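Before any comments, here is the structure.
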Amino acid sequence: MTNRREQVARPQKKYEFDIRFSTRSAENGWTNLLATTRNAIVDAWDFLTKTPHAASEGNHPMRDELEFVSVNGNRYPRWQYELPGGARIWFYVHEQVVWIIDVHTRHPNQTK
């Protein structure tokens, strides 16, 4: 039996993607942004669970030396989701999981 005061987890539709952190740094960055820009993070969550591969001005594959990320000997395209104020979420997608690599609370120097 569960506690009646427990928060109900948001259910996912069958076609939606899971979101997971690939690093502790990404988790910390997410927590920091959640504390300061909650609505933008919720919008990012909704976008990334539904359409992480949808290229737009605010969500796009990265270029040059940041174009790919290597994980366990496999290469995946690295994407960047842009939030207001210069914050960025870097991620890759494998199967039905969006792996958050890093969360920058301001515009990262690597992409300036």
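Since this is a predicted model, take the numbers as computed values, not measurements. Just the heavy atoms: all of them, side chains too, but no hydrogens, waters or symmetry mates, feed the values below. All residue numbers in this chain count up from 1 along the given sequence.
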### Task
Apply the test side-chain contact (heavy atoms from CB on, under 4.5 Å) to residues Trp30 and Ile100: give CA-CA distance (whole Å), side-chain angles for both, the deciding distance (0.1 Å), then the verdict.
CA-CA 9 Å; Trp30 182 275; Ile100 298 179; 3.7 Å; yes
### Task
Check the pair Val98, Asp18 against side-chain contact (heavy atoms from CB on, under 4.5 Å), reporting the backbone distance first and the verdict last.
CA-CA 6 Å; Val98 173; Asp18 287 334; over 6 Å; no
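No side-chain donor-acceptor contact under 3.5 Å links Gln80 to the backbone of Ile89. Listed for the Arg78 side chain is no donor-acceptor partner under 3.5 Å among the backbone atoms of Met62. When atom types are taken as modelled, the side chain of Arg88 and the backbone of Gly86 share a donor-acceptor pair closer than 3.5 angstrom.
Contacts of Gln12 classified as side chain to side chain donor-acceptor pair (under 3.5 Å), with partners at least two apart in sequence or in another chain: none. Remark: Arg24 pairs with Glu27 by the side chain to side chain donor-acceptor pair (under 3.5 Å) rule, at least two apart or across chains. Legend: residues meeting side chain to side chain contact (heavy atoms under 4.5 Å, CB included) with Phe68, ordered by chain and number and at least two apart, are Arg75, Pro77. In terms of the side chain to side chain contact (heavy atoms under 4.5 Å, CB included) criterion, residue partners of Thr23 (sequence neighbours excluded) are, by chain and number, Ser25, Ala26. For Glu16, the side chain to side chain donor-acceptor pair (under 3.5 Å) partners at least two apart in sequence or on another chain are Arg10.
Using a 4.5 Å cut-off on side-chain heavy atoms (C-beta onward), Ile101 and Val69 make contact. Under the 4.5 Å side-chain criterion, counting only non-hydrogen atoms from C-beta, His60 is in contact with Glu82. Side-chain contact between Trp90 and Trp79 is absent, with no heavy-atom pair separated by less than 4.5 Å.
Atom CG in Asn32 sits 13.0 Å away from atom NE2 in His104 (nearest 0.5 Å). We find the NE2-CZ distance between His94 and Arg20 to be 10.0 Å, quoted to the nearest 0.5 Å. One distance of note links OG of Ser22 with OH of Tyr92; it measures 5.5 Å at 0.5 Å rounding.
Scanning all heavy atoms of the two residues, the minimum distance from Phe17 to Val97 falls at CD2-N, 4.0 Å.
If you chain together hydrophobic residues whose side chains sit under 4.5 Å apart, Val103 and Leu66 never meet in one group. No path of Ile, Leu, Val, Met, Phe, Trp and Tyr side chains, each step under 4.5 Å between heavy atoms, connects Phe21 with Trp99, placing them in separate hydrophobic clusters.
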Scan the side chains in residues 38-53 for donor-acceptor partners under 3.5 Å anywhere in the protein, sequence neighbours excluded, and list what turns up.
unit_1 : atom_1 : unit_2 : atom_2 : d
Thr49  : OG1    : Trp45  : O      : 3.0
Thr49  : OG1    : Asp46  : O      : 3.1
Thr51  : OG1    : Phe47  : O      : 3.4

